[in-house]
Amino acid sequence: MNKLRQNKEFTEFRKERGNMLLSRKNQLLLEFSFWNEPVPREGPNIYELRSYQLRPGTMIEWGNYWARAIRFRQDNNEAVGGFFSQIGQLYMVHHLWAYKDLQSREDTRNSAWHKHGWDELVYYTVPLIQEMESRIMIPLKISPLQ
């Protein structure tokens with residue numbers, strides 16, 4: 001940061017960016033041990049970031065259920081990464097999924113419901129959630145996750 005503060009182009013960019021921002025939050029995240037590490041992907045893909053605000057005290061329970069649930073979501077190599085907050089808003093979980101398009105997203109998500117045991121895991125994890133959000137993202141050309 002000290003080097004960046006000395007870069008005139010960067011400081012001008014920060015000023016302009018600051019004029020556009022209404023708010024900003026940061027989190028320090030750790031990976032769940034049962035997820036694969038995110039690796040570069042061939043594209044084109046779209047990504048879904050699903051974020052869950054869990055009830056305090058439920059992170060271990062959530063992790064135990066998802067350690068089993070992740071096997072239901074591996075058919076199309078859609079699982080990119082699973083993370084939980086260490087600093088920032090606590091009891092926050094993020095799942096990142098890759099799909100070829102919105103139709104493959106729908107097909108993949110629907111196929112999980114036909115697998116024995118998926119409905120039970122959803123049944124037990126839903127009460128752990130206070131709030132959830134889904135965002136669809138399109139990678140920049142420079143992103144290793146295409």
Side-chain angles (χ1 to χ4, degrees), residues 1-5 7 9-11 13-102 104-113 115 117-146:
M1 286 304 293
N2 287 335
K3 280 189 174 187
L4 286 174
R5 284 187 192 103
N7 181 318
E9 189 177 323
F10 178 76
T11 55
F13 162 75
R14 282 189 65 160
K15 282 182 190 175
E16 293 222 13
R17 181 187 66 183
N19 292 332
M20 294 182 271
L21 289 176
L22 298 176
S23 68
R24 179 173 63 182
K25 292 181 185 177
N26 293 315
Q27 289 182 338
L28 177 61
L29 303 173
L30 295 178
E31 246 177 349
F32 281 110
S33 61
F34 52 82
W35 280 73
N36 297 329
E37 187 172 321
V39 294
R41 291 175 181 257
E42 294 291 321
N45 289 299
I46 62 168
Y47 289 85
E48 179 179 22
L49 180 64
R50 295 183 68 89
S51 299
Y52 303 89
Q53 177 65 54
L54 301 182
R55 296 187 185 289
T58 62
M59 185 65 71
I60 291 173
E61 191 176 0
W62 176 272
N64 288 337
Y65 283 124
W66 265 96
R68 290 184 294 157
I70 192 67
R71 73 175 189 265
F72 292 102
R73 297 294 307 278
Q74 298 289 340
D75 291 350
N76 298 315
N77 195 29
E78 69 269 19
V80 177
F83 312 94
F84 61 96
S85 60
Q86 277 295 116
I87 295 177
Q89 188 173 3
L90 299 178
Y91 292 98
M92 198 71 199
V93 172
H94 303 281
H95 294 172
L96 185 61
W97 307 95
Y99 304 101
K100 291 296 174 198
D101 52 38
L102 289 174
S104 70
R105 174 191 174 273
E106 183 178 349
D107 295 343
T108 300
R109 291 178 56 77
N110 286 341
S111 73
W113 289 100
K115 297 177 182 175
W118 175 255
D119 56 346
E120 179 184 345
L121 290 167
V122 170
Y123 176 82
Y124 287 115
T125 56
V126 166
L128 307 178
I129 301 169
Q130 281 186 326
E131 190 176 316
M132 59 192 288
E133 181 180 14
S134 171
R135 285 173 250 155
I136 298 296
M137 303 181 300
I138 299 171
L140 296 172
K141 291 182 187 327
I142 60 170
S143 173
L145 292 175
Q146 290 298 311

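These numbers come from a predicted model, not from an experiment. Atom set for the values below is all heavy atoms of this structure, side chains included, hydrogens, waters and symmetry mates excluded.
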For residues Trp118 and Arg73, determine if any side-chain heavy atom of one lies less than 4.5 Å from a side-chain heavy atom of the other.
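Side-chain contact under 4.5 Å: yes.
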Got Glu61 and Tyr124 here, is their nearest side-chain heavy-atom distance under 4.5 Å?
no
Would you mind writing out the side-chain donor-acceptor pairs for residues 44-60 within the sub-3.5 Å range, not counting sequence neighbours?
{"residue": "Asn45", "atom": "OD1", "partner": "Lys100", "partner atom": "NZ", "Å": "3.4"}
{"residue": "Asn45", "atom": "ND2", "partner": "Glu42", "partner atom": "O", "Å": "2.7"}
{"residue": "Asn45", "atom": "ND2", "partner": "Gln146", "partner atom": "O", "Å": "2.9"}
{"residue": "Tyr47", "atom": "OH", "partner": "Leu145", "partner atom": "O", "Å": "3.4"}
{"residue": "Glu48", "atom": "OE1", "partner": "Arg105", "partner atom": "NE", "Å": "3.0"}
{"residue": "Glu48", "atom": "OE2", "partner": "Arg50", "partner atom": "NH1", "Å": "2.9"}
{"residue": "Glu48", "atom": "OE2", "partner": "Arg105", "partner atom": "NE", "Å": "3.4"}
{"residue": "Glu48", "atom": "OE2", "partner": "Arg105", "partner atom": "NH2", "Å": "2.9"}
{"residue": "Glu48", "atom": "OE2", "partner": "Ser134", "partner atom": "OG", "Å": "2.5"}
{"residue": "Arg50", "atom": "NE", "partner": "Tyr52", "partner atom": "OH", "Å": "2.9"}
{"residue": "Ser51", "atom": "OG", "partner": "His94", "partner atom": "ND1", "Å": "2.7"}
{"residue": "Ser51", "atom": "OG", "partner": "Arg135", "partner atom": "NH2", "Å": "3.3"}
{"residue": "Gln53", "atom": "OE1", "partner": "Gln89", "partner atom": "NE2", "Å": "2.5"}
{"residue": "Gln53", "atom": "NE2", "partner": "Leu90", "partner atom": "O", "Å": "3.0"}
{"residue": "Gln53", "atom": "NE2", "partner": "Tyr91", "partner atom": "O", "Å": "3.4"}
{"residue": "Arg55", "atom": "NE", "partner": "Pro127", "partner atom": "O", "Å": "3.1"}
{"residue": "Thr58", "atom": "OG1", "partner": "Arg55", "partner atom": "O", "Å": "2.5"}

Take Phe32 and Ile70 through the side-chain contact (heavy atoms from CB on, under 4.5 Å) test and state the conclusion after the steps.
CA-CA 11 Å; Phe32 281 110; Ile70 192 67; over 6 Å; no
Donor-acceptor contact present, side-chain Ser85 to main-chain Met92, <3.5 Å:
yes
Using a 3.5 Å distance criterion without hydrogens, assess whether the side chain of Ser104 forms a donor-acceptor pair with backbone atoms of Asp101.
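Checked: pair present.
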Could you check Ile129 against Trp62 for side-chain contact (heavy atoms from CB on, under 4.5 Å), going step by step and ending with a plain yes or no?
CA-CA 9 Å; Ile129 301 169; Trp62 176 272; 3.7 Å; yes
When rounded to the nearest 0.5 angstrom, what distance separates CZ in Arg71 from CZ in Phe34?
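Separation between the atoms: 12.5 Å.
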Show your working on side-chain contact (heavy atoms from CB on, under 4.5 Å) between Arg109 and Tyr99 and close with a plain yes or no.
CA-CA 10 Å; Arg109 291 178 56 77; Tyr99 304 101; 3.9 Å; yes
Search all heavy atoms of [X] against all heavy atoms of [Y] and return the closest pair with its distance.
X	Y	result
Arg41	Asn77	NH1-O, 2.6 Å
Phe83	Pro38	CZ-CG, 3.9 Å
Glu31	Glu37	OE2-CA, 3.3 Å
Leu96	Trp35	O-CZ3, 4.0 Å

So with a 6.0 Å cut-off around [atom1] of [X], is the heavy-atom count from everything else above 12?
X	atom1	answer
Glu133	CD	yes
Ile138	CD1	no
Gln74	CD	yes

Check the pair Trp66 / His95 against side-chain contact (heavy atoms from CB on, under 4.5 Å), numbers first and verdict last.
CA-CA 11 Å; Trp66 265 96; His95 294 172; 3.4 Å; yes
